[in-house]
Amino acid sequence: MITDQFGRSHNYLRISLTDNCNLRCFYCMPEENYDFTPHSKLMQTDEIDTIARLFVKNGVNKIRLTGGEPFVRKDAAKIIRNLGKLPVQLNCTTNGIRIDDMLPEIIQSNFQSINISLDTLQKEKFLKITRRDYFDRVLRNIDLLLQHNIKTKINVVAMKDINDDEISDFIAFTKDHPLEVRFIEFMPFSGNRWTSNQVMTQKDILNIIREKYDFNPLPVGFHDTAKAYSIDGHKGSFSIISTMSEPFCSGCNRIRLTADGKLKNCLFSKKETDLLTPLRNGEDILPIIESAIWSKAKTQGGQLNEQFEKINTSIIQNRSMINIGG
């Protein structure tokens, strides 16, 4: 197992396949005319396979594909088929637009779950947030996953004055849909115009839900980032990822690999470690990985070690969310 200086073992690898996306969500992508990474500078199919196998050999048993939007990559199907052969739990976070196109690979590779990023249940607001008109297709693809009994989660970035009025609507959605709605606290990244007064905290979200619903907490694993709840009579459930108000760093087992082959030992870390260049030079990258993970900060990349209301975003050194990988 790959461990850090605080004794945390890392068995969960998140691989970004691309920083390209077919949406333009303001909190993820800094601008409309974004300069995407040239394909030659991205990890190639065989390089992703080589790096993934090295991680699996050293204790990783869960891999999540992210982006950008992972399914817009032209060789995504081949990458998925390769990773599907590994002895891991394979998962993916996607905006859901190309689920119908990728369904054969999703089924063949036995994905454990698919997370759909969807911040609104209103078509007009979807267009405002994403700057693209794909709302109906995303909803159809959610139904498609459920029809094939694929475990489905909806990721909702909860933001004041954007979608806080839809918290109860998402809870109502779980009554007849056997999926998990996951409310995620709004996080600061380069270019996403984050302010602390937009953050819907776990407490805020629960207060809204309890106005209409009684809910029961579900068991939480040591490595779980989401605190989950059930509601009697609902086929689905909901959960909250309290990154800002109640961080969960003590149980962190995650490693992030950007599409251009940089290892980030935390979502908020300013330091990155290049794996792709030494791999292409024929070097043994395992010692590089072990050293990078060992140096992981105790909490939130060493950059957000204070109350989130007092965070000064001007001094945070990080990429945009789309460039890191969800």
Side-chain angles (χ1 to χ4, degrees), residues 16-37 39 64-77 79-80 91-107 111 113-148 150-159 161-167 169-174 176-184 186-187 189 191-193 236 259 320-326:
S16 174
L17 299 188
T18 178
D19 63 349
N20 205 334
C21 189
N22 41 12
L23 296 181
R24 294 294 183 273
C25 302
F26 70 88
Y27 62 82
C28 180
M29 186 175 292
E31 56 195 31
E32 175 72 34
N33 297 317
Y34 184 79
D35 290 327
F36 298 112
T37 304
H39 185 74
R64 176 175 297 278
L65 302 181
T66 69
E69 169 48 44
F71 292 155
V72 301
R73 183 159 164 161
K74 293 181 179 180
D75 54 357
I79 293 170
I80 290 169
N91 305 267
C92 183
T93 297
T94 169
N95 59 31
I97 295 171
R98 298 202 65 225
I99 289 291
D100 45 356
D101 295 331
M102 300 298 295
L103 189 63
E105 283 74 24
I106 291 172
I107 294 173
F111 275 76
S113 68
I114 300 288
N115 290 17
I116 307 290
S117 298
L118 180 65
D119 299 318
T120 178
L121 293 173
Q122 299 174 15
K123 185 172 183 177
E124 296 78 11
K125 191 182 293 185
F126 180 93
L127 180 60
K128 180 180 179 180
I129 291 174
T130 68
R131 294 175 272 187
R132 296 293 185 272
D133 187 15
Y134 286 114
F135 179 76
D136 292 334
R137 185 172 178 181
V138 172
L139 285 191
R140 288 197 302 270
N141 280 335
I142 290 173
D143 287 338
L144 186 62
L145 290 173
L146 296 178
Q147 290 167 18
H148 286 83
I150 297 170
K151 186 175 182 180
T152 305
K153 302 177 184 180
I154 296 179
N155 288 350
V156 184
V157 178
M159 296 166 284
D161 300 323
I162 300 293
N163 59 359
D164 54 334
D165 59 335
E166 293 189 67
I167 301 294
D169 294 338
F170 275 105
I171 298 300
F173 194 70
T174 69
D176 298 317
H177 295 81
L179 47 72
E180 177 184 338
V181 169
R182 310 193 328 157
F183 298 106
I184 303 171
F186 186 30
M187 294 175 277
F189 296 99
N192 74 345
R193 302 188 294 276
S320 61
M321 186 62 171
I322 194 170
N323 206 247
I324 297 171

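In this chain, residues are counted from 1 in sequence order.
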Trainee: Please check if the side chain of Arg73 supplies one atom and the backbone of Thr18 the other of a donor-acceptor pair under 3.5 Å.
Mentor: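 Checked: no pair found.
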Trainee: Over all heavy atoms of both residues, which pair between His177 and Leu146 is shortest? Give the atoms and the distance, please.
Mentor: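 Nearest heavy atoms, His177 then Leu146: CD2-CD1, 4.1 Å.
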Trainee: Under the ring pair (Phe, Tyr, Trp, His ring centres under 6.0 Å) test, which residues partner Tyr134, sequence neighbours left out?
Mentor: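 Listed in chain order: nothing, the list is empty.
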Trainee: Asn141 and side-chain contact (heavy atoms from CB on, under 4.5 Å): which partner among Leu144, Leu145, Leu139?
Mentor: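 Per the side-chain contact (heavy atoms from CB on, under 4.5 Å) rule, the option paired with Asn141 is Leu144, out of Leu144, Leu145, Leu139.
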Trainee: If only atom types and distance count, is the side chain of Lys125 paired as donor or acceptor with the main-chain N or O of Ile162 below 3.5 Å?
Mentor: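 Yes: the side chain of Lys125 pairs with the backbone of Ile162.
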Trainee: Please walk me through it: do Val72 and Ile97 pass side-chain contact (heavy atoms from CB on, under 4.5 Å)?
Mentor: CA-CA 9 Å; Val72 301; Ile97 295 171; over 6 Å; no
Trainee: Looking only at side-chain N and O atoms, does Thr120 offer a donor or acceptor that is under 3.5 Å from a partner on Asn163?
Mentor: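 Side chains of Asn163 and Thr120: no pair found under 3.5 Å.
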Trainee: Looking at residues at least two apart in the chain, or sitting in another chain, which of them share a ring pair (Phe, Tyr, Trp, His ring centres under 6.0 Å) with Phe111?
Mentor: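 Ring pair (Phe, Tyr, Trp, His ring centres under 6.0 Å) check on Phe111 returns nothing, list empty.
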Trainee: Measure across Ile99 and Ile114 and return the closest heavy-atom pair with its distance rounded to 0.1 Å.
Mentor: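 Shortest heavy-atom separation between Ile99 and Ile114 comes out as CD1-CG2, 4.0 Å.
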Trainee: Just by modelled atom types, is the Arg140 backbone N or O under 3.5 Å from a matching donor or acceptor in the Asp143 side chain?
Mentor: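 Not confirmed, Asp143 side chain does not pair with Arg140 backbone.
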Trainee: For Thr94, check side-chain hydrogen bond (donor to acceptor under 3.5 Å, both in side chains) against everything at least two apart and list the hits.
Mentor: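 For Thr94 the side-chain hydrogen bond (donor to acceptor under 3.5 Å, both in side chains) partners, ignoring immediate neighbours, are Glu69.
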Trainee: How close do Lys151 and Lys153 get, heavy atom to heavy atom, and via which atoms?
Mentor: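 Scanning both residues, the minimum pair turns out to be CE-CE, 3.9 Å.
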Trainee: Could you state the interatomic distance from CG (Leu179) to OG1 (Thr152), rounded to the nearest 0.5 Å?
Mentor: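 One finds 6.5 Å between CG of Leu179 and OG1 of Thr152.
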Trainee: With rounding to the nearest 0.5 angstrom, report the CD1 to OG1 distance, Ile154 to Thr174.
Mentor: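 The CD1 atom of Ile154 sits 9.5 Å away from the OG1 atom of Thr174.
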Trainee: Atom CG in Asp75, atom CG in Leu17: separation rounded to 0.5 Å?
Mentor: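 Between atom CG of Asp75 and atom CG of Leu17 there are 8.0 Å.
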Trainee: Do Phe71 and Asn95 come within less than 4.5 Å of each other through their side chains, counting heavy atoms only?
Mentor: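 Heavy-atom side-chain distance check fails, nothing below 4.5 Å.
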Trainee: Mind listing the closest non-hydrogen atom pair of Leu121 and Phe170 along with its distance?
Mentor: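 Taking every non-hydrogen atom into account, CG-CE2, 3.6 Å.
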Trainee: Go through Asn22 and Arg132 one step at a time and tell me if the side-chain contact (heavy atoms from CB on, under 4.5 Å) criterion holds.
Mentor: CA-CA 8 Å; Asn22 41 12; Arg132 296 293 185 272; over 6 Å; no
Trainee: Look only at the side chain of Arg24 and the backbone of Arg131, and say whether a donor-acceptor pair between them is shorter than 3.5 Å.
Mentor: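 It does not hold such a pair.
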Trainee: Could you list the residues that satisfy side-chain hydrogen bond (donor to acceptor under 3.5 Å, both in side chains) with Asp101, not counting sequence neighbours?
Mentor: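 Partners of Asp101 by the side-chain hydrogen bond (donor to acceptor under 3.5 Å, both in side chains) criterion, ordered by chain and then number, come out as Arg98, Arg137.
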Trainee: Looking at Pro70 and Ala76, what are the two nearest heavy atoms and their distance?
Mentor: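 Of all heavy-atom pairs spanning Pro70 and Ala76, the closest is O-CB, 3.6 Å.
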Trainee: Testing the basics here: between Ser16 and Gly67, what is the closest heavy-atom pair and its distance to 0.1 Å?
Mentor: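 That would be OG-O, 3.5 Å.
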Trainee: Just verifying a value: how many Å separate Met159 CE and Ile184 CD1, rounded to the nearest 0.5 Å?
Mentor: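 Atom-to-atom, Met159:CE and Ile184:CD1 are 10.0 Å apart.
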Trainee: Can any side-chain N or O of Ser117 pair as donor or acceptor with the backbone N or O of Asn115 at less than 3.5 Å?
Mentor: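 No, Ser117 side chain to Asn115 backbone: no donor-acceptor pair under 3.5 Å.
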Trainee: Under the side-chain hydrogen bond (donor to acceptor under 3.5 Å, both in side chains) rule, collect the residues that match up with Asp176, sequence neighbours excluded.
Mentor: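 Residues passing side-chain hydrogen bond (donor to acceptor under 3.5 Å, both in side chains) with Asp176: none at all.
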Trainee: Asn91: what forms a side-chain hydrogen bond (donor to acceptor under 3.5 Å, both in side chains) with it, not counting sequence neighbours?
Mentor: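 Expected list: Ser113.
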